[in-house]
Amino acid sequence: MPTRLSANLNAVAMLRNRRDLPWPSVVGIGRIALAAGAAGLTVHPRPDQRHIRFSDLADLRALIDAEFPGAEFNIEGYPTPEFLDLALSVRPEQVTLVPDHPSQPTSDHGWDFAASRDILAPVVRRLKGEGARVSIFADPDPAGFECAAELGAERLELYTGPYGATHGDPQAAIRELERLGKAGDAAHRLGLGLNAGHDLTVENLPPLIARLPFIAEVSIGHALTAEALEHGMAGAVRRFIDACA
Ligand SMILES: CC(=O)[C@@H](O)[C@H](O)COP(=O)(O)O
Ligand SMILES: NCC(=O)COP(=O)(O)O
């Protein structure tokens, strides 16, 4: 099964929110991405709605249901009661749990599984009980993976930010890639499905897929949007699908 691309629309929403205008349309760009071959859409509705607005979720669900019934909706966020209610209100195929504080400028670490077990256990039960696949954002450190498996998560999303940060430093990239490789192998041995994301690009994605060909899904937003400014969103999606091959 080839690695699927989920188009993250956060950056499109950030551009939309610069003015009190409805363009660029998050739904319109999501439609282009799905029509170009993205397997799904990802959003990270943060509490301050700095980019994705809570109202975007129902609009994107309606798009998928009406025009792309086989596509998946992946919603990321910290599992507050408000986030869980919002996410589950649109019947997502997947929810990715991310340990972000509201003040964080972006996601920059995975869960401390042992310390967060009491937070995560009831959340995983509720999400799975309502039909969502659960993916948990994880640093590439196998120490907590057995705990993640015991929690019942179907997948881990490997945080690839440090790998993305090695651009221009090939030796560092090799080191980070091997760290990701060992972590991915460990998750695979535990029977955990594997997603990956954060600062992936058309350049750094092929070596990651070659090292971890069983990655089920990569969710990509920042570099996808940057590529879209140059190649259009359809062209950017195709470039990333080629990079996943
Ligand atoms: C969890 C993760 O690494 C990203 O998916 C996240 O969505 C990035 O959030 P921002 O787009 O707000 O930086
Ligand atoms: N989970 C990663 C994601 O959805 C997008 O991250 P990025 O490509 O915007 O860094």
Side-chain angles (χ1 to χ4, degrees), residues 3-18 24 26 29-30 33-34 38-54 56-57 60 71-80 83 86-87 92-111 133-140 153 155-167 176 180 183-184 193-205 208-209 212 215-229 233 236-237 239-241 243-244:
T3 300
R4 293 157 60 98
L5 171 69
S6 184
N8 183 308
L9 298 172
N10 294 355
V12 175
M14 181 77 82
L15 182 59
R16 176 203 52 198
N17 294 3
R18 286 184 75 243
V26 169
I29 299 300
L34 292 171
L41 300 177
T42 291
V43 295
H44 191 141
R46 294 184 180 273
D48 61 10
Q49 301 188 74
R50 66 189 72 162
H51 39 53
I52 292 294
R53 294 170 177 155
F54 298 161
D56 290 326
L57 274 68
L60 291 168
E72 293 199 339
F73 198 10
N74 174 42
I75 301 175
E76 303 177 326
Y78 183 86
T80 62
F83 168 80
L86 172 67
E93 283 71 22
Q94 178 173 271
V95 175
T96 300
L97 301 175
V98 190
D100 286 2
H101 186 275
S103 65
Q104 280 181 221
T106 188
S107 306
D108 59 12
H109 63 281
W111 288 91
R133 177 197 313 129
V134 177
S135 179
I136 302 184
F137 204 55
D139 294 313
R155 294 189 186 172
L156 293 182
E157 176 172 340
L158 284 184
Y159 169 49
T160 54
Y163 174 56
T166 64
H167 58 86
E176 281 300 323
L180 288 163
L194 203 58
N195 292 343
H198 206 94
D199 286 338
L200 292 174
T201 67
V202 291
E203 289 80 22
N204 66 27
L205 192 50
L208 178 66
I209 302 300
L212 293 171
I215 289 177
E217 175 186 285
V218 289
S219 43
I220 301 176
H222 190 79
L224 177 70
T225 309
E227 291 277 338
L229 293 174
M233 180 53 80
V237 165
R239 283 166 62 82
F240 270 97
I241 289 172
C244 288

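As the structure lists them, so they are numbered: ligands from 1, and atoms in each ligand from 1. This chain uses plain numbering: 1 for the first residue, then up along the sequence. Values reported hereafter were calculated over all heavy atoms of this structure, with side chains retained and with hydrogens, waters and symmetry mates removed.
Protein residues with a heavy atom under 4.0 Å from ligand 2 are Asn8, Thr42, Glu76, Glu157, Gly197, His198, Asp199, Ser219, Ile220, Gly221, His222.
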TODO: Could you please spell out the steps behind the side-chain contact (heavy atoms from CB on, under 4.5 Å) verdict for Asn17 and Gln49?
DONE: CA-CA 10 Å; Asn17 294 3; Gln49 301 188 74; 6.0 Å; no
Task: His167 and Thr201: CA distance, side-chain angles, deciding distance, side-chain contact (heavy atoms from CB on, under 4.5 Å) verdict - done: CA-CA 10 Å; His167 58 86; Thr201 67; over 6 Å; no
Open item on the list: Show, in sequence, the C-alpha distance, side-chain angles and deciding distance for Leu57 and Ile75, and conclude whether the side-chain contact (heavy atoms from CB on, under 4.5 Å) test is met.
Closed with: CA-CA 9 Å; Leu57 274 68; Ile75 301 175; 3.6 Å; yes
Task: side-chain contact (heavy atoms from CB on, under 4.5 Å) assessment of Ile136 paired with Val134 - done: CA-CA 7 Å; Ile136 302 184; Val134 177; 4.0 Å; yes
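A donor and an acceptor atom, one from each side chain of Gln94 and Asn74, are located under 3.5 Å apart. Side-chain contact annotation: Asp100 with Ser107, donor-acceptor N/O pair under 3.5 Å present.
Formation of a donor-acceptor pair under 3.5 Å by the Arg53 side chain with backbone atoms of Ala13 is not found in this model. A donor-acceptor pair under 3.5 Å is absent between the side-chain atoms of Asn8 and the main chain of Ser219, judged by distance alone.
Residues Val237 and Leu224 are in side-chain contact: their nearest non-hydrogen atoms beyond the backbone lie under 4.5 Å apart.
Distances from atom 10 (P) of ligand 1 to the heavy atoms of Thr96, Asn10, Leu97 show the closest one on Asn10. Within the set Asp108, Asp100, Thr106, Leu200, the minimum heavy-atom distance to atom 13 (O) of ligand 1 is found for Thr106. Which of Arg50, Glu76, His109, Arg46 comes nearest to atom 4 (C) of ligand 1 through a heavy atom is settled by distance: it is Glu76.
Considering backbone and side-chain atoms together, His198 places an N or O closer than 3.5 Å to an N or O of ligand 1.
Using a 4.0 Å cut-off to heavy atoms of His44, the atoms of ligand 1 that qualify are 6 (C), 7 (O). Near Asn8, the atoms of ligand 1 lying under 4.0 angstrom from a non-hydrogen atom of the residue are 5 (O), 7 (O). Per-residue contacts place His51 under 4.0 angstrom from the following atoms of ligand 1 (heavy atoms of the residue considered): 10 (P), 11 (O), 12 (O).
At a heavy-atom cutoff of 4.0 Å, ligand 1 is contacted by the side chain of Phe137 but not by its backbone.
Counting only heavy atoms of the protein, atom 1 (C) of ligand 1 lies nearest to Ser107 OG, 3.3 Å.
The aromatic rings of Tyr159 and Phe137 are tilted relative to each other, their planes meeting at an angle between 30° and 60°.
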